[in-house]
Amino acid sequence: MASKGAGMSFSRKSYRLTSDAEKSRVTGIVHEKLLNDYLHRIFSSPDHVPPAATSRKPLNFQNLPEHLDQLLQVDNEDEESQGQAEGRLGPSTVVLDHTGGFEGLLLVDDDLLGVIGHSNFGTIRSTTCVYKGKWVYEVLISSQGLMQIGWCTINCRFNQEEGVGDTHNSYAYDGNRVRKWNVTTTNYGKAWAAGDIVSCLIDLDDGTLSFCLNGVSLGIAFENLSRGLGMAYFPAISLSFKESVAFNFGSRPLRYPVAGFRPLQDPPCADLVRAQRLLGCFRAVLSVELDPVEGRLVEKESSEWQLQGQPTILLTLAHIFQHFAPLLRKVYLVEAVLMSFLLGIMEKGTPAQAQSLVHQVLDLLWLFMEDYEVQDCLKQLMMSLLRLYRFSPIVPDLGLQIHYLRLTISILRHQKSRKFLLSNVLFDVLRSVVFFYIKSPLRVEEAGLQELIPTTWWPHRSSREGRESKEVNEETAEERLRRRAYERGCQRLKKRIEVVEELQVQILKLLLDNKDDNGGEASRYIFLTKFRKFLQENASGRGNMPMLCPPEYMVCFLHRLISALRYYWDEYKASNPHASFSEEAYIPPQIFYNGKVDYFDLQRLGGLLSHLRKTLKDDLASKANIVIDPLELQAATMDDLDEDDEATPAGTQVWQRPMQALAMGGALPLPRPGWLSSPTLGRANRFLSTAAVSLMTPRRPLSTLEKVKVRTLSVEQRTREDIEGSHWNEGLLLGRPPEEPEQPLTENSLLEVLDGAVMMYNLSVHQQLGKMVGVSDDVNEYAMALRDTEDKLRRCPRRRKDILAELTKSQKVFSEKLDHLSRRLAWVHATVYSQEKMLDIYWLLRVCLRTIEHGDRTGSLFAFMPEFYLSVAINSYSALKNYFGPVHSMEELPGYEETLTRLAAILAKHFADTRIVGTDIRDSLMQALASYVCYPHSLRAVERIPEDQRIAMVRNLLAPYEQRPWAQTNWILVRLWRGCGFGYRYTRLPHLLKTKPEDANLPSLQKPCPSTLLQQHMADLLRQGSDVAPSFLNSVLNQLNWAFSEFIGMIQEIQQAAERLERNFVDSRQLKVCATCFDLSVSLLRVLEMTITLVPEIFLDWARPTSEMLLRRLAQLLNQVLNRVTAERNLFDRVVTLRLPGLESVDHYPILVAVTGILVQLLVRGQASETERATSVLLADPCFQLRSICYLLGQPEPPAPGTVLPAPDRKRFSLQSYTDYINAEELAQVEQMLTHLTFASAQAAAASLPTSEEDLCPICYAHPISAVFQPCGHKSCKACINQHLMNNKDCFFCKATIVSVEDWDKAANTSTTSSAA
């Protein structure tokens, strides 16, 4: 002991020889009488009755061990109480029977007390059963899903469908469905939630079985249990997939002991008595002070105790811990004795005194206990703390949670303990993220929220787009008072939650401390290693659900991490003026390609890292000064092909990291180092070996003789120097491109933490933010139901008392539900959607925007950026816009307009960026841009980006639709036009106005907000480029032909299924695809309308080589659509009449109005010459029917020339019926168009001459032959050959390559032939 004490971690006083009195005071040397009194005071008898001074035996350090052994003697009854108890069969240590007592696939923890369901309905029982007496065990509910907990006999047989409670002699409580089970089921108990504790009690003396929830009895569940010979009951549970619980049979103190009931596993009574006596001795040491000068003992408060290195006290403590240390390794004793003692310390004195005393207690543990003993003790201590924090009930002031967090902070403030826990426990043994979670109370009344928020209120539904689109609701004086009272209650709740959050941030600040590197690695770098592994498990273990951190925990962890990160970031800025503030934070692009940070197997923007290393090696050399050796590159490529060579073979010597940097220059070693195959590096990172990567010295230009060989290490092998850098390298920032500033932003380690925070948001935080909006949606739905009920009450006649009674009952139910939900919503807003949380997400969005902008400047190296940076930029903006309203508006955020513009510039530039190859991320960018242009605020942001970027965006939108997601592209163009087209000013279709939309905030349901600026860019590009307009319009016409044809084919199948006599169900997916094809057809028609309106000369200026062909194709498709939709009692009519679910958008109005808009633009609004050309082409099409045009105005037949149009038949479709959507001017133009076509068709019929079949085009048989192909000489009409040549250069007939097309006139050719003859 003496030798171990020489290495104490606390400071000692400097001793010097002075007077005897001073010497006694300083060194603690005491005379025999004072030592005797001191030891008797410390090691008093258990009953604390001090013997007379004359009768007690003198004590000194020689006879103290004997006295201590007598003090710790325990009665034989206590010693034997841990043996077999009457009424119980089985091992004394009770665990789950993982060898044979289970059914289905289950995952059992190492301690055999925790279990996770991994099949449909798995069942497991314990190893010990009871047949007599009163017994209890506890179940800690980790997830609130489907489980049945209770008791069963050994004869019960279970399967994947039947579990505990579904057979005879098995009994269960199900808090998910709030029922009890024994073959049959009835209502019982309360609903449980994650974090609750269920106590299962069985009384085999009276034959009853009951349950408690968080210590509150739920009443007797079952009576008259079968007892007698062969009847013994096992604790058992059945649980569904992914559900998890932890059992406490008595290995730890029961949280809610019940008088008269014994735990299945007896507590270690003898050891408990010894531990409590030793703790009493230790308390006495803390409360008694020696005064060698006065020769007396001084009583004092234990909170004021200071360890000063006095030999008498140290020897006394050494004797205590010689017996105490082995006991403190046991779970039960740590929780029952040490935990209670430490929590008691936290309750006494000031926080500073409590912190000091806990620190000294931990010093003593490390001083007097062996390392393995104190490590086991700390491990059990933190496990108990985590369990207490997680499963403590929610009270209004969150006092229990605050108490446990303060003790956790006090323990983690002890440097040696913190480093051990961080290295071995917090992320390895425990799910320490639980410490950063504040569980949400499902039972509002038990959480005390009724007292905290006595007045409830609920907001009216409003749009999440911003103030301009919010509905204006008149608020009465009573509602205003209720709202203000509710807001005051919410503020009270928020302040209490903020206390817990601040303590959680303090924990992370301790874990991120990088100034505690004396005698080892700083905490921050240990945390980085564990944090990266945590991210890897959650990124790559998505199929292994038990390994994943629950998303609700991840949300809280992210917010606390951001707070701690920004604290250290700004602290570094305060001492380093050249660094940046956290408001300007971003991730430098070199981190993505220098291999210093492991991104596992996450996808990069340019594809796999191995592919990028090979294809961009020249760019890496020229821009980032990274050179990949060809030999090593070849070796790595071959290794990638070898799927089996993933780990270092057994017996292979692994290279160790050198203590210093490798020598300058030097030949590249040919043998492949073993550490390069480490699975922790990931296959993609294996290129970054010592031999593979050479980086220049930052302060000198690159030369062939001056290169630093840098080894890229796995996460476990990195040191502070590898991360932060040194005088010879830049750590994580190696390979700085010329576009990046030389001054560092902050400490490199904080950059890696920030990178991990962005990855966390992508893994599960965004999905959880969307999920929690459900509470607000529930409030809105119940509020609407309550208002409807109150309206019915006001309108209901007083004489109908039966109806009034039912309505009053419904009103009461809705009001009670709203009271509950509004209080729960206050909790959700305080913990998830508060203003501070919104600012965190906003900060993360801005970090991603800056990171993308800096990465984009590196040119081709932008491809190395992980995809999740773009995903987080898109999703965080969506969360800010959709999830945090209406309480908080994104418009109130600082720099809102600038951020919106920067995101718009990123979406506009990168949705068609060739450096981005991933299909999913390209689709996400396209969808984000499509949603962006639907809202006025974000559309104006697109208009604010630089003009060259806007033009480039529109040019990419006008590129041919093949080989890319053209539907989203078309949607973007349509949104730019919506509000300008013919009858295209609607938000919802006329026939859907009476139905309630599922979500009024969908982009498709926003008010029209056209962009004339972007329309002008589109018009300019179509005019200027000779090939832009033909290729774009050809692809639009092709897609329109395909979409409408598919739609017609599908409604034929739907109609046939509906007409069959047998009962048929149309597949919902088929209906969805059918509706999608219809919507695509309408949107393509609108794009054609926009093109004709903006640039009519593309179709009508026949000086252009492709104008006539495009106009003929357009006329052909328009006639096809009109004929299909307007035919009397046709297929389209019948399907619309059916009104099938899923086909709500299919109606006459949207498609006919779109076609009408094109025709009006061609035939009415143009110049006379253009109108004449369009008319001739339309009438020349063989599919043209004047009756289809008449259908638009509700007329069955064309009117006689010069007569007035009759009033439309109300039973028929007519544009005149939609006066709210189509103005008078537009209707007049339709009437003018009909009059014009009636007259023109009559003239064409009179002037047309019959044409022989030999002179007709052999392809379409609609137009005369007008073109001859060279060199083969085959013939067709110009329309057919021009359309064909847009996609193919081979002849229709002989497949010869067409070199040119010449005009052909039969009369001219006949006369030429005759004259030649």
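Note that this is a predicted model, so its numbers are computed, not measured. No hydrogens, no waters, no symmetry mates; every other heavy atom, side chains included, goes into these values.
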Inset, instruction - Let me see the working for K242 and I116 under side-chain contact (heavy atoms from CB on, under 4.5 Å), right down to the final yes or no. - result: CA-CA 6 Å; K242 293 197 303 184; I116 301 174; 5.7 Å; no
Inset, instruction - Report yes if some heavy atom in the side chain of V115 is under 4.5 Å from a heavy atom in the side chain of L96; otherwise report no. - result: yes
Inset, instruction - State whether K530 and D428 are salt-bridged, where the test is any N-O pair (Lys NZ or Arg NE/NH1/NH2 against Asp/Glu carboxylate O) under 4.0 Å. - result: yes
Inset, instruction - I would like to know whether S871 and N875 meet side-chain hydrogen bond (donor to acceptor under 3.5 Å, both in side chains); could you show each step before the answer? - result: CA-CA 6 Å; S871 298; N875 291 333; 5.2 Å; no
Legend entry - Electrostatic pair R262:D266 at N-O distance under 4.0 angstrom: yes
Legend entry - I197 and I141: CA distance, side-chain angles, deciding distance, side-chain contact (heavy atoms from CB on, under 4.5 Å) verdict: CA-CA 6 Å; I197 295 179; I141 306 297; over 6 Å; no
Inset, instruction - Taking the six-membered ring for Trp and the full ring for Phe, Tyr or His, determine whether the centres of Y437 and F557 are under 6.0 Å apart. - result: no
Inset, instruction - With the side chain counted from C-beta on, respond yes when E86 and K132 share a heavy-atom pair under 4.5 Å apart, and no when they do not. - result: yes
Inset, instruction - Test Q148 against every option in E162, R179, R177, K180 by the side-chain hydrogen bond (donor to acceptor under 3.5 Å, both in side chains) rule and name the one that passes. - result: R177
Inset, instruction - Dump the intermediate steps for ring pair (Phe, Tyr, Trp, His ring centres under 6.0 Å) on Y173 and W192, then the final yes or no. - result: CA-CA 10 Å; Y173 161 50; W192 62 37; 5.3 Å; yes
Legend entry - D819 versus S822, closest heavy-atom pair with distance: O-OG, 3.0 Å
Inset, instruction - Would you check if L763 and L535 make a side-chain contact, meaning some heavy-atom pair closer than 4.5 Å? - result: yes
Legend entry - Y332 six-ring face occupied by R252 cation (under 6.0 Å, within 45°): no
Inset, instruction - Using a 4.5 Å cut-off on heavy atoms from C-beta on, say whether the side chain of L1143 contacts that of I1054. - result: yes
Inset, instruction - Give the minimum heavy-atom separation between L769 and A879, together with the two atoms involved. - result: CD1-CB, 4.2 Å
Legend entry - Heavy-atom side-chain proximity of L426 to M382 below 4.5 angstrom: yes
Inset, instruction - For residues W151 and Y137, establish whether the separation of their ring centroids is below 6.0 Å. - result: yes
Legend entry - Side-chain heavy-atom pair F121, L239 within 4.5 angstrom cut-off: no
Legend entry - Ring centroid separation Y883 to H766 under 6.0 Å: yes
Inset, instruction - Determine whether S199 and F211 make a side-chain contact, defined as any pair of heavy atoms from C-beta on separated by less than 4.5 Å. - result: no
Inset, instruction - Look only at the side chain of R227 and the backbone of L204, and say whether a donor-acceptor pair between them is shorter than 3.5 Å. - result: yes
Inset, instruction - Evaluate the criterion side-chain contact (heavy atoms from CB on, under 4.5 Å) for residue pair Y171 and V164; output intermediate values, then yes/no. - result: CA-CA 6 Å; Y171 307 88; V164 180; over 6 Å; no
Legend entry - Donor-acceptor contact present, side-chain T185 to main-chain W181, <3.5 Å: no
Inset, instruction - Take E335 and R387, measure what salt bridge (Lys or Arg N to Asp or Glu O under 4.0 Å) needs, and give me the verdict at the end. - result: CA-CA 10 Å; E335 191 164 323; R387 196 177 299 111; 3.3 Å; yes
Legend entry - Min side-chain heavy-atom separation F247-V95 under 4.5 Å: no
Inset, instruction - Please answer whether the main-chain N or O of G195 pairs with a side-chain N or O of K439 as donor and acceptor at a distance below 3.5 Å. - result: yes
Inset, instruction - Say whether, by atom type as modelled, one donor and one acceptor occur between the side chain of D196 and the main chain of A193 under 3.5 angstrom. - result: yes
Legend entry - Residue pair D205 / G133: nearest heavy atoms and the distance that separates them: OD1-N, 3.4 Å
Legend entry - Aromatic contact, W458 with Y782 (centres under 6.0 Å): no
Inset, instruction - Check step by step if salt bridge (Lys or Arg N to Asp or Glu O under 4.0 Å) holds for R255 and E138. - result: CA-CA 8 Å; R255 178 66 65 84; E138 290 181 344; over 6 Å; no
Legend entry - Donor on one side chain, acceptor on other, E161 and N120, under 3.5 Å: yes
Inset, instruction - Check each of W135, Y233, F234 against C129 using the side chain to side chain contact (heavy atoms under 4.5 Å, CB included) test, and report the only one that passes. - result: F234
Inset, instruction - Grab the two heavy atoms, one from R88 and one from Y131, that are nearest each other, plus how far apart they are. - result: N-CE2, 3.7 Å
Inset, instruction - Can you label the angle between the Y833 ring and the H829 ring as parallel, tilted or perpendicular, going by 30° and 60°? - result: perpendicular
Legend entry - Neighbour count above 12 (heavy atom, 6.0 Å) for F427 CZ: yes
Legend entry - Chi angles and distances behind the side-chain hydrogen bond (donor to acceptor under 3.5 Å, both in side chains) call for T99, D97: CA-CA 6 Å; T99 58; D97 187 358; 2.7 Å; yes
Inset, instruction - Could you tell me whether the side chains of S143 and E243 share a donor-acceptor contact shorter than 3.5 Å? - result: yes
Inset, instruction - Provide the closest heavy-atom pair for M339 versus L385 in the form atom of the first, atom of the second, distance. - result: CE-N, 3.4 Å
